[in-house]
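Note sheet for the following structure.
By convention in this document, chain letters (A, B, ...) are assigned in the order of the sequence lines, proteins followed by strands, and residues within each chain are numbered from 1. Computed from a prediction, not measured in an experiment: that's the story for all the values here.
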Amino acid sequence: MRDDEPRVIKPGFHAEVYAIVREIPFGRVATYGDVASALGAPSVARQVGWALAALREDDVPWHRVVNAQGRISARGDLARATLQRTLLEAEGVVFDALGCIAMSRYRSRPRPRI
DNA sequence: GGTTTGACCATAA
DNA sequence: CTTATGGCCAAAC
């Protein structure tokens, strides 16, 4: 094990986040706020993003999580943003000319975990 | 311990 | 359209 990288020793919050994200159906998306709400804390959207940024597992469909505008939020990481879009399109999710997803169609409300 | 940061959100200008 | 601001809270430093 390497300890030169941030690693989750004792998954607490992130484990919950990952559990929610894993529940998002194929071809559907959820917002950071939706995931946060499913955790019972609508205001922890930032931490959801933080948790996904720290994600190192490959069994979590992180690409199905977008921001409230239906756009990809990868900040400076362009490679990740491109990958996310590619993965979503592979699931049949369509982006418009502005790079937005029609949330009214694809949005999925995660089942509350509380 | 306090401070900073962040894949957010809503609102205002 | 862009930029700014306040709020939120976990993790990293």
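The separation between Tyr32(A) atom OH and dC8(B) atom C1' is 8 Å, rounded to whole Å. Between the CG atom of Leu78(A) and the C1' atom of dA7(B) there is a distance of 13 Å, rounded to whole Å. For the pair Gln69(A) CD and dT2(C) P, the interatomic distance rounds to 10 Å; values are reported in whole Å. Between Arg56(A) atom CZ and dA11(C) atom P the separation is 15 Å, expressed in whole Å. Atom CG of Leu39(A) is separated from atom P of dC9(C) by 13 Å (rounded to the nearest Å). Per the geometry, CG belonging to Leu52(A) stands 12 Å off C1' belonging to dG6(B), to the nearest Å. For Leu83(A) and dA7(B), the CG to P distance is 16 Å, given to the nearest whole Å. Atom P of nucleotide dA10(C) and atom CG of Leu55(A) are separated by 19 Å, given to the nearest angstrom.
Neither side chain, His14(A) nor Gln47(A), offers a donor N or O lying under 3.5 Å from an acceptor on the other.
Contact annotation: Ser43(A) side-chain N/O to dG7(C) OP1/OP2 distance is not under 4.0 Å. Dashed line: the shortest gap from a side-chain N or O of His14(A) to OP1 or OP2 of dA11(C) is under 4.0 Å. Taking side-chain N and O atoms only, Arg46(A) has no distance below 4.0 Å to OP1 or OP2 of dA11(C).
When each of dA7(B), dA10(B), dA10(C) is scored by its nearest atom to the side-chain atoms of Gln47(A), the top-ranked nucleotide is dA10(C). For Phe13(A), the side-chain atoms get nearest to dA10(C) when compared with the rest of dA10(C), dC9(B), dA7(B).
Val17(A) and Leu52(A) make their closest contact through CG1-CD2, 4.3 Å (heavy atoms, listed as atom of the first residue, atom of the second, distance).
Considering only heavy atoms from C-beta on, Pro61(A) comes within 4.5 Å of Arg22(A) through its side chain.
The residues Glu91(A) and Arg28(A) are annotated as not salt-bridged, no charged nitrogen and carboxylate oxygen being separated by less than 4.0 angstrom.
A cation-pi arrangement is found for Arg85(A) relative to Phe95(A), the charged atom lying closer than 6.0 Å to the ring centre and inside a 45° cone about the ring normal.
Base contact: Ala53(A) has a heavy atom under 4.0 Å from a base atom.
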